[in-house]
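First the structure, in the form of structure tokens, and then the observations on it.
Note that these values count all heavy atoms, side chains included, but never hydrogens, waters or copies made by symmetry.
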Amino acid sequence: MLNTSAHQKTPRTILVVEDEPDLATAIAQRITANGWTARVAGDGASAVRAASQIKPDLVIMDIMLPVMDGIEATKRIIAERPVPVLMLTARDSEADKVMGLSAGADDYMTKPFSPRELIARCEALLRRVERATLIAKNNENEKVLDFGTLVIDPRQRIVTQDGKQVHLTPTEFDLLATLARKPKSVFKREKLLEEVWDWPDASGTRTVDSHVKALRHKLGSDLIRTAHGVGYAFEPPEDGNAAAPASHQ
């Protein structure tokens with residue numbers, strides 16, 4: 001396992017899971033040049049062990065890996081300890097991306113990719129973790145969004161559907177909560193990128209689309225309506241009998 005480090009005010013450890021040695025080294029070098037610490041694992045099983053030992057701040061995970069693929073490795077890592085995951089895929093199909101997001105990844109990039117964009121995505125994910133902590137603190141008094149069959153608890157960051165808890169990634173939860181706070185209101189993709197991903201530009205609109213598909217996969221296709229050419233809106237469950245959330249303590 002490769003271990004490189006650099007001095008920085010805010011230490012960050014990034015676990016790079018990639019079975020192509022040259023690419024893994026290139027990513028690790030870029031990470032350390034940015035002032036972070038890089039650890040590298042060459043297969044999924046090694047990644048799970050490394051994540052348990054070093055407790056990284058972020059994981060860059062390739063999907064196609066020996067011993068254990070990136071999907072299964074991501075599930076096991078997140079089950080032990082929540083951590084943002086940026087998934088790498090050599091395939092550009094929407095199904096592969098949704099599969100990765102459904103496994104618990106927060107973002108994805110398709111190979112080949114720009115090293116500069118990779119670092120920018122990592123920085124955005126790390127900012128989101130800090131932002132989520134701050135938002136949770138600021139929202140300690142925010143009431144539960146109760147739509148009958150679907151209940152969203154912003155304080156505990158828990159979603160239940162038909163009385164059963166649904167596992168959502170931090171990004172999926174933030175996306176759902178943002179939409180649900182203003183039922184039936186259409187959010188432009190660019191606005192969602194700004195509020196949920198903290199991206200000031202519109203370069204990742206396909207990321208929004210993929211996360212919406214992942215949410216629909218977990219919660220059903222009727223909850224999020226597509227406003228073609230514009231963005232998305234939250235549609236409360238019909239059996240919830242509520243056009244707006246019935247908030248309660």
Side-chain angles (χ1 to χ4, degrees), residues 58-61 63 70-87 89 94-109 121-122 124-136 139 142 144-147 149-162 164-183 185 187-199 204-226 231-237 245:
L58 185 145
V59 177
I60 298 174
M61 177 76 71
I63 287 185
I71 300 294
E72 181 62 26
T74 295
K75 290 179 180 178
R76 296 194 185 191
I77 288 172
I78 291 176
E80 180 175 327
R81 172 179 165 269
V83 60
V85 176
L86 172 61
M87 192 157 278
T89 172
E94 200 69 33
D96 290 328
K97 294 170 184 175
V98 172
M99 184 184 301
L101 296 174
S102 297
D106 292 273
D107 198 2
Y108 66 85
M109 292 188 69
R121 294 285 188 95
C122 289
L125 281 175
L126 291 170
R127 283 198 308 271
R128 283 202 61 255
V129 173
E130 296 177 349
R131 209 160 143 258
T133 302
L134 181 61
I135 290 172
N139 291 349
E142 183 175 0
V144 172
L145 304 175
D146 189 342
F147 298 96
T149 57
L150 181 74
V151 179
I152 304 168
D153 187 339
R155 290 176 295 180
Q156 300 187 65
R157 297 181 66 83
I158 292 175
V159 174
T160 56
Q161 188 174 47
D162 297 324
K164 298 180 180 178
Q165 185 172 336
V166 180
H167 173 73
L168 300 181
T169 68
T171 302
E172 289 168 351
F173 181 89
D174 291 340
L175 176 58
L176 178 64
T178 298
L179 292 169
R181 288 186 181 105
K182 296 182 179 179
S185 297
F187 283 76
K188 292 183 178 181
R189 290 175 175 84
E190 294 79 6
K191 183 64 174 177
L192 290 171
L193 278 173
E194 181 182 347
E195 291 198 12
V196 178
W197 279 266
D198 194 24
W199 292 359
T205 52
R206 293 183 63 191
T207 295
V208 177
D209 297 340
S210 295
H211 277 81
V212 167
K213 285 185 171 65
L215 271 178
R216 286 171 172 165
H217 177 74
K218 293 181 178 181
L219 297 172
S221 59
D222 296 332
L223 282 177
I224 302 177
R225 173 173 58 87
T226 300
Y232 297 99
F234 175 79
E235 295 292 331

Legend entry - Heavy-atom closest pair, residues P183 and P236: CB-CG, 3.9 Å

Inset, instruction - Mark yes or no for whether H211, through its side chain, and T207, through its backbone, hold a donor-acceptor pair below 3.5 Å. - result: yes

Inset, instruction - State the OG1-CG distance between T171 and L176, to the nearest 0.5 angstrom. - result: 12.5 Å

Inset, instruction - Just jot down the salt bridge (charged side-chain N to carboxylate O under 4.0 Å, His left out) partners of D106, sequence neighbours excluded, or say none. - result: none

Legend entry - Closest non-hydrogen atom pair, C122 against L58: O-CD1, 3.7 Å

Legend entry - Exercise: identify the closest heavy-atom pair between F173 and P154: CZ-CA, 3.9 Å

Inset, instruction - Check side chain to side chain donor-acceptor pair (under 3.5 Å) between T226 and all other residues, then give those that pass, not counting sequence neighbours. - result: R216

Inset, instruction - Might you work through the side chain to side chain contact (heavy atoms under 4.5 Å, CB included) test for L192 and L175, ending with a clear yes or no? - result: CA-CA 7 Å; L192 290 171; L175 176 58; 3.9 Å; yes

Inset, instruction - Could you check if a side-chain atom of D162 sits within less than 4.5 angstrom of a side-chain atom of K164, using non-hydrogen atoms only? - result: no

Legend entry - Residues in side chain to side chain donor-acceptor pair (under 3.5 Å) contact with K188, at least two apart in sequence or another chain: none

Inset, instruction - Could you tell me the separation between the CG atom of L179 and the OH atom of Y232, rounded to the nearest 0.5 Å? - result: 10.0 Å

Inset, instruction - Please name the pair of heavy atoms, one in V144 and one in R155, separated by the smallest distance, quoted to 0.1 Å. - result: CG2-NH2, 4.2 Å

Legend entry - Which residues share a side-chain contact (heavy atoms from CB on, under 4.5 Å) with Q165, sequence neighbours left out: I158, T160

Inset, instruction - Answer whether the closest heavy-atom distance between the side chains of L150 and F234 falls below 4.5 Å. - result: yes

Legend entry - Stepwise side chain to side chain contact (heavy atoms under 4.5 Å, CB included) check, V166 with E172: CA-CA 11 Å; V166 180; E172 289 168 351; over 6 Å; no

Inset, instruction - For atom NE2 of H217, decide whether the heavy atoms of other residues, nucleotides or ligands shown that lie under 6.0 angstrom number more than 12. - result: no

Inset, instruction - Could you go through the side chain to side chain contact (heavy atoms under 4.5 Å, CB included) check for E195 and D174 one step at a time? - result: CA-CA 9 Å; E195 291 198 12; D174 291 340; over 6 Å; no

Inset, instruction - Check side chain to side chain donor-acceptor pair (under 3.5 Å) between T74 and all other residues, then give those that pass, not counting sequence neighbours. - result: none

Inset, instruction - Could you check if a side-chain atom of L223 sits within less than 4.5 angstrom of a side-chain atom of F147, using non-hydrogen atoms only? - result: no

Inset, instruction - Starting from the C-alpha separation in whole Å, work towards a yes-or-no answer on side chain to side chain contact (heavy atoms under 4.5 Å, CB included) for M87 and I71. - result: CA-CA 9 Å; M87 192 157 278; I71 300 294; 4.0 Å; yes

Inset, instruction - Could you list all the salt bridge (Lys or Arg N to Asp or Glu O under 4.0 Å) pairs where at least one residue sits in residues 73-84, not counting sequence neighbours? - result: E72-R76

Inset, instruction - Taking all heavy atoms of A105 and all of I78, pick out the closest pair and write down the distance. - result: N-CD1, 4.4 Å

Inset, instruction - Check T89, I60, L86 against M109 for a side chain to side chain contact (heavy atoms under 4.5 Å, CB included) and give me the one that passes. - result: L86

Legend entry - Side-chain heavy atoms of R157 within contact of P170, under 4.5 Å: yes

Inset, instruction - Measure from the side-chain N and O atoms of R181 to the backbone N and O of L145, and report whether any donor-acceptor pair falls under 3.5 Å. - result: no

